Structure formats: structure tokens, C-alpha cells
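The structure appears below as C-alpha cells.
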Amino acid sequence: MTTKATEALPISVQNVTKTYGPVNALDDVSLEVKSGEFLTLLGPSGSGKTTLLMVLAGFTRPDCGSLKFGDDEVIRKPPHLRDVGMTFQSYALFPHMTVAGNVGYPLRLRKRPKDEIADRVERALETVQLGGYGDRRIDQLSGGQKQRVAVARAIVFEPRILLMDEPLSALDKKLRDQMQIELRHLHEQLGMTTVYVTHDQREALTMSDRIAVVNHGRIMQLSTPRDLYERPANRFVADFIGESTFLPVTRDGKEVRYGEKALRYSGDLPETPDLQLMIRPERVLLSEDGPVEGANNFSATASDVVYQGDSFLLHARLQDGQQIVMRGAVRGNRATSLPAVGDQVTLTMATEDTVLIDGREV
Ligand code: ADP
Ligand code: MG
């Protein structure tokens with residue numbers, strides 16, 4: 001499996017709703033996944049990520065809506081006719097079968113001949129770096145190896161769409177970081193359209209071409225990692241991805257004020273009764289020489305300073321009592337001086353880092 005799988009397929013989800021009693025697991029979801037794209041569904045537990053993946057795979061039938069793979073309407077097709085490989089949240093390996101038995105299962109389901117199965121299983125195992133592990137029992141494997149077996153089983157029939165439901169959540173951090181890079185490489189190598197589920201924002205930022213942020217069965221924003229981080233559409237997205245503090249601001253036409261201070265900002269102003277200034281800790285700078293021309297400056301009092309090795313966190317109180325949190329770099333220089341609690345400081349934010357968002361959770 002060193003060449004790309006057969007041509008990838010785009011996915012089109014239109015107005016899909018799925019209710020469980022009073023719960024809207026999916027609430028009128030529409031989503032386009034491009035051919036060959038790595039798209040991540042990111043959201044808190046219970047937001048509907050697994051339900052959407054199950055709808056794509058064909059294990060869950062939505063109440064209404066349409067689902068196309070390429071030009072094909074597939075909503076009525078059973079899973080094994082959908083050209084979709086999937087890994088499940090709990091791996092869902094068959095414990096009584098060998099590794100090869102597990103990986104070969106989708107091929108047996110599709111009634112492929114025996115020697116083709118043996119051949120493809122070995123190639124899939126090599127792809128996930130488990131060449132020669134076919135005869136092992138599942139309970140002889142580590143968590144990371146089980147996860148690779150699950151991936152091998154998902155890709156063994158070279159599906160044009162790959163779905164992965166929190167594949168790394170059971171692994172420890174070091175292995176998780178390594179597997180993120182490996183899965184990304186695997187995607188580059190195989191080129192399948194991939195929909196990946198995680199609740200871990202850093203994992204989503206690391207792996208994805210685009211991320212759909214999901215909450216309460218709805219897509220809050222669908223964008224590139226950079227756009228999501230730098231231009232979140234609302235407070236939910238801004239809070240879920242990265243850390244921020246928020247300040248209430250007022251608006252008069254295009255002019256935005258924090259208290260008396262007019263702000264220079266970039267980007268569009270969202271239409272909202274609750275406009276807020278989003279402050280990412282690393283986008284605020286500590287100015288040693290007072291206010292910086294052309295930027296937004298805030299005078300504040302240091303209320304907490306936390307040394308964290310590679311950086312420090314400064315909590316600062318503005319004159320009106322609001323708090324800002326900023327992160328500063330600790331460079332190779334031992335003499336980097338940190339502010340002390342009680343110091344008067346000037347915090348500055350460049351115009352391009354001054355972003356106003358809709359403060360509602362929506
Ligand atoms: P996530 O994967 O984001 O954690 P899920 O898609 O599993 O979320 O669940 C979304 C919502 O739908 C939750 O409120 C969950 O309790 C509910 N739900 C999911 N599957 C079922 C089911 N089979 N029966 C009843 N409720 C369900
Ligand atoms: Mg889930």
C-alpha cells in the first residue's frame with residue numbers, strides 16, 4: 001500500500017437531523033468534505049461527533065437529510081456497501097481472533113479470495129508498522145499496537161473514505177503525539193478523504209486541513225486551524241480552541257471602545273448585542289518602554305506571575321478591575337527579567353491581533 005488508494009471521494013452532508021427522544025444529537029447539519037481532505041470534528045463530549053460519524057458510516061440512520069459520496073446518494077446503503085473504513089472509539093477489535101483475523105475481517109465480509117486476503121492483510125500491517133504481527137493475539141498487544149491494528153482493519157480494503165473516532169484518546173501523551181504525526185503521514189500516503197473525531201483541540205490543530213467545531217449537534221464554525229484560532233466566529237469557538245480572556249466593549253458604527261479607549265482592530269465586526277475583545281495570552285506583549293505607537297496599550301498591575309520554564313504567565317489587573325492574562329517568552333538568556341507582583345506594566349496588542357468576537361455562546 002505505498003501507492004495512493006483509488007481516487008478519493010468528496011462527502012456532502014445536507015440538512016441531517018438525528019434525535020434521540022428529546023435530545024437533538026444532530027441538528028440540521030450540513031457539511032462538505034473535499035476529496036482527499038483531512039477534516040476533523042472537534043467538540044466536547046456529547047456534542048454529536050460520534051453520531052455524525054455513524055451516519056457517515058451507515059450504522060445510524062438519520063431522521064432526515066441527505067448524504068452523498070461523490071454523486072451517489074448513500075443514505076439508504078448499508079455500511080459494507082459504502083466504501084468506508086472506520087475505527088471506533090473503543091477499537092472494537094475481536095479479542096478471540098488473531099491480528100490477521102481482525103485485519104482480514106472486512107475482506108472476508110466482502111468475500112475476497114483467501115490468498116488476496118493474506119496478501120492485503122500483510123500489506124496493511126506493514127503500512128501501520130506491524131509487519132509480521134499477524135499471528136499475535138489481540139490481548140498480547142499494547143494500547144498503541146491495538147490502535148494500529150484498528151487502523152489496518154479500516155484501510156485494508158482500500159476504502160475511499162476513512163472515518164476515525166477518537167483513535168488516540170486511550171493512549172498516553174507521548175504515544176499520542178507520535179501517532180498524530182504517523183496518522184497524518186498515513187493520510188498523505190493513502191490520500192483517502194478522512195473525517196477524524198477528537199475532543200482535543202491541540203490534536204485537531206496539529207492534524208487537520210480543516211476543523212468543524214461541533215456543539216449541541218450543530219456546526220459552530222468550519223475553517224482552517226489558523227482561521228479558527230485567529231478568527232473564531234463566537235465565544236464558544238474562542239473558548240474551546242486555545243485560551244483567552246475577554247473584555248466587554250461598546251460599539252458605535254465602526255468605532256469600538258473599551259471604556260474610554262478607542263481600539264484599533266482588524267477584521268470584520270460581528271453583528272451582535274454582545275461584542276467582546278478576545279485576548280490570546282501570547283498575542284499580548286509586555287512593553288518595557290511604555291505605550292507603543294500604533295498599537296492598543298493597556299496599563300495594568302501585575303497580580304500574579306507564574307514561571308513555566310519555556311514561558312511565563314502574567315495575570316494583570318486593569319484599572320477597572322478586569323483581568324488580562326498574557327504569556328511571555330523566557331529566552332535562552334538567564335537574565336530575562338520577569339515582572340513582579342504589584343509592578344505597574346504596559347501591555348500592548350498589535351492591531352492585527354486585536355480581534356472582536358460575538359460574545360454569545362450561540
Ligand atoms: P460525542 O461523540 O460528541 O460525545 P454522541 O454523538 O455520542 O456525542 O452523542 C450526542 C448526543 O446524543 C448525546 O447527548 C448522547 O447522549 C445522545 N446519544 C447518542 N447515541 C444515543 C443512543 N443510541 N441513544 C440515546 N441517546 C444517544
Ligand atoms: Mg463520541
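The structure displayed is predicted, hence computed values, not measured ones. Whatever order the structure lists ligands and atoms in, that order sets their numbers, starting from 1. Just so it is clear, the values below take in all heavy atoms, side chains as well, and ignore hydrogens, waters and symmetry mates.
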#### Entry: For atom 9 (O) of ligand 1, the option (of Asp165, Thr51, Thr19) bearing the nearest heavy atom
Thr51

### Query
Looking at atom 8 (O) of ligand 1, what's its closest protein heavy atom, distance included?
Gly48 N, 3.2 Å

### Query
Salt-bridged, Arg251 to Glu255, with N to O below 4.0 Å?
no

### Message
Taking a cutoff of less than 4.0 Å between a non-hydrogen atom of the residue and any ligand atom, is Ser45 in contact with ligand 1?
### Response
yes

### Query
Can you tell me if Arg327 and Ser311 form a side-chain donor-acceptor pair at under 3.5 Å?
yes

### Shortest reach to atom 1 (P) of ligand 1 by a heavy atom, considering only Gly217, Gly46, Gly21
Gly46

### Query
Which protein non-hydrogen atom lies closest to atom 20 (N) of ligand 1, naming both residue and atom, and how far is it?
Tyr20 CE1, 3.4 Å

### Summary
Rounded to the nearest 0.5 angstrom, the CD1-CZ distance for Ile181 and Arg176 is 13.0 Å

### Message
Within ligand 1, which atoms have a heavy atom of Ser47 less than 4.0 Å away?
### Response
1 (P), 3 (O), 8 (O)

### Task
Give a yes or no on whether Thr50 keeps an N, O or S atom under 2.8 Å from the Mg ion (ligand 2).
yes

### Task
Compute both the distance and the angle, then confirm whether Lys261 meets the cation-pi test with Phe298: under 6.0 Å from the six-membered ring centre, within 45 degrees of the axis.
yes

### Query
Counting from 1, what ligand 1 atoms have a heavy atom of Pro44 closer than 4.0 Å?
3 (O)

### Query
Does a salt bridge link Arg280 with Glu243, judged by any charged N lying under 4.0 Å from a carboxylate O?
no

#### Entry: Distance flag for atom 16 (O) of ligand 1, protein heavy atom under 4.0 Å
no

### Task
Please report which non-hydrogen protein atom sits nearest to atom 14 (O) of ligand 1, along with the residue it belongs to and the distance in Å to one decimal place.
Val23 CG1, 3.6 Å

### Message
Could you tell me if Arg112 sits above the aromatic ring of Phe157, with its cationic atom closer than 6.0 Å to the ring centre and no more than 45 degrees from the axis?
### Response
no

### Task
State plainly whether the residues Arg184 and Asp209 are in salt-bridge range, i.e. N to O under 4.0 Å.
yes

### Query
Of the protein's non-hydrogen atoms, which lies at the shortest distance from atom 7 (O) of ligand 1, and what is that distance?
Thr50 CB, 3.7 Å

### Message
Among all protein heavy atoms in this structure, tell me which lies nearest to atom 12 (O) of ligand 1, with the distance rounded to 0.1 Å.
### Response
Ala25 CB, 3.4 Å

### Charged tip of Arg226 within 45° of Tyr229 ring normal and under 6.0 Å
no

